[in-house]
Amino acid sequence: MADTVRVRFAPSPTGALHIGGGHTALFNWLWARRTGGKFILRIEDTDRERSTKEYEDTIMSGMQWLGLDWDEGPDTGGPFGPYRQSERLSTYREAAERLLDEGKAYREGDAVIFRVPQGVTLAFDDMVYGRIEMQSDTLKDVVMIKSDGMPTYNYAVVVDDHTMGISHVIRGEDHISNTPKQLLIYDALGWEYPTFAHLPMILGKDKKKLSKRHGATSVYEYRDMGYMPDSVFNFLALLGWSPGENNEIFSREEATKLFDLARVIKKPSVFDMDKLNYINQEHLKRLPPYDRLALVEPFWREMGLPVDAHSREYLAQSLVVLCGRGQTAKEAAGYSDYFLTFDPVKERYDGSEIGEEQRAVLKRFNADLLALEQWKAPVMEEFTREWSAANDVKMKDIAMPLRLGITGMKVSPGVFEVAEHLGRDEVRKRLAHFNFVE
Ligand code: GLU
């Protein structure tokens, strides 16, 4: 077992899965998958007041959403539940008895306290931060078991990491200061240390510790805003690590192949929404059409658009024509509303900027366009080019009203691709509404 990598994510169920927690879970998961090791989920629910089953559930479903599956649990057969500290109290009690017998701990009422020896140098080699040393003299005695019978974090974490055979403790750098206390307990119990790898802090753009002030902090909020799990995964993996060669967009599988704990940098990383948006857009673009449709559809429905009035094929193709516009599924839904119905076009545009003279030109052009034998984007484009040259009209003076008339937007994907996809009859209907064609 010593050679096998075993890592754990050990959240306290006192809140949702936050960006920091998701990040820690992900780095543990990546290390396990990279090395063929095991990833364990351990719920640290010893704070009875603040721990809830609801938080435990949201943490687990947040992990599932990110695709961070764990490999072990106390329940065999069926999907694994997590380990829970509240279900392991006898293990903590046993080790505490031993330390009491050996005089390394003492009782204070019902509580058990660890006696910190003086004059000991505590040291460990952190995979990210390098060698860290501390003198035991600076530490106060450590409460191991509280009077309510529950173990404290610094004690339970040692008993668990040892008895679960954890090889690498990968966690946030805020735990560096706890580590020397934990080393003392390892020493007292005669156990070897695991390897420690503390992960650098995540800061907001203002270089302050990430908090609510910086926007959404729970992993779930990103799901609800229309971000893809693969891009949140990709984004979190880039906080403190990178696969090199400026490769910023990668799949779960690629990250799993390339991940290396030894290459995590100790500089704090910055949470940058623009970067997340960019990554999400790149992942959206790479999705097969029907997968993209599955992501965008709920947002179309939320906007009240007539999704069911169209075939699946038409809807999926609409997003192909949209050609990567929109950084999130929600944005893509907003940028493609005109494919589903004419109503939002009329709300955005009224055609009143077109004067009589230009309107006459438009009417001639559109009549010829709508009479084309083949309703295909390249044919329309070629025809428009020739028509503008032959009639001495600027291409944009005929193409822009066409774009506005069918999409209601000044910026859209290729106007002829949009026209082809909408179909000749629908384009005729929309242009007629603005009196751009007889
Ligand atoms: N329950 C602790 C936390 O959520 C775990 C720390 C650790 O991984 O040792 O911060």
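The structure displayed is predicted, hence computed values, not measured ones. Order of appearance sets the numbers: ligands from 1, and atoms from 1 within every ligand.
- Near H175, meaning under 4.0 Å from one of its heavy atoms, ligand 1 places the atoms 3 (C), 6 (C), 10 (O).
- Considering backbone and side-chain N/O atoms, A10 comes within less than 3.5 Å of an N/O atom of ligand 1.
- Atoms of ligand 1 lying under 4.0 Å from any heavy atom of V157, numbered from 1 in the order shown and given with element: 9 (O).
- Protein heavy atom closest to atom 9 (O) of ligand 1, with residue, atom name and distance, is Y153 OH, 2.6 Å.
- The closest approach between F9 and ligand 1 stays at or above 4.0 Å for every heavy atom of the residue.
- Y227 and E221 form no side-chain donor-acceptor contact under 3.5 Å, judged by distance and modelled atom types alone.
- Separation of the F235 and Y222 ring centroids does not fall under the 6.0 Å cut-off.
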For R8 and E44, what are the C-alpha separation, side-chain angles and deciding distance, and is it a salt bridge (Lys or Arg N to Asp or Glu O under 4.0 Å)?
CA-CA 11 Å; R8 83 310 190 266; E44 303 208 322; 5.4 Å; no
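- Tested against F27, the residues W241, F259, F39 include a single ring pair (Phe, Tyr, Trp, His ring centres under 6.0 Å) partner, F259.
- Using a 30° and 60° split on the angle between ring planes, H310 and Y314 fall in the parallel class, below 30°.
- Side-chain atoms of T341 do not come within 3.5 Å of backbone N or O of D337 as any donor-acceptor pair.
- Annotation: atom 8 (O) of ligand 1 to nearest protein heavy atom, R8 NH1, 2.7 Å.
- Of all atoms in ligand 1, listed by their number and element, those nearer than 4.0 Å to a heavy atom of E44 are 1 (N), 2 (C), 5 (C).
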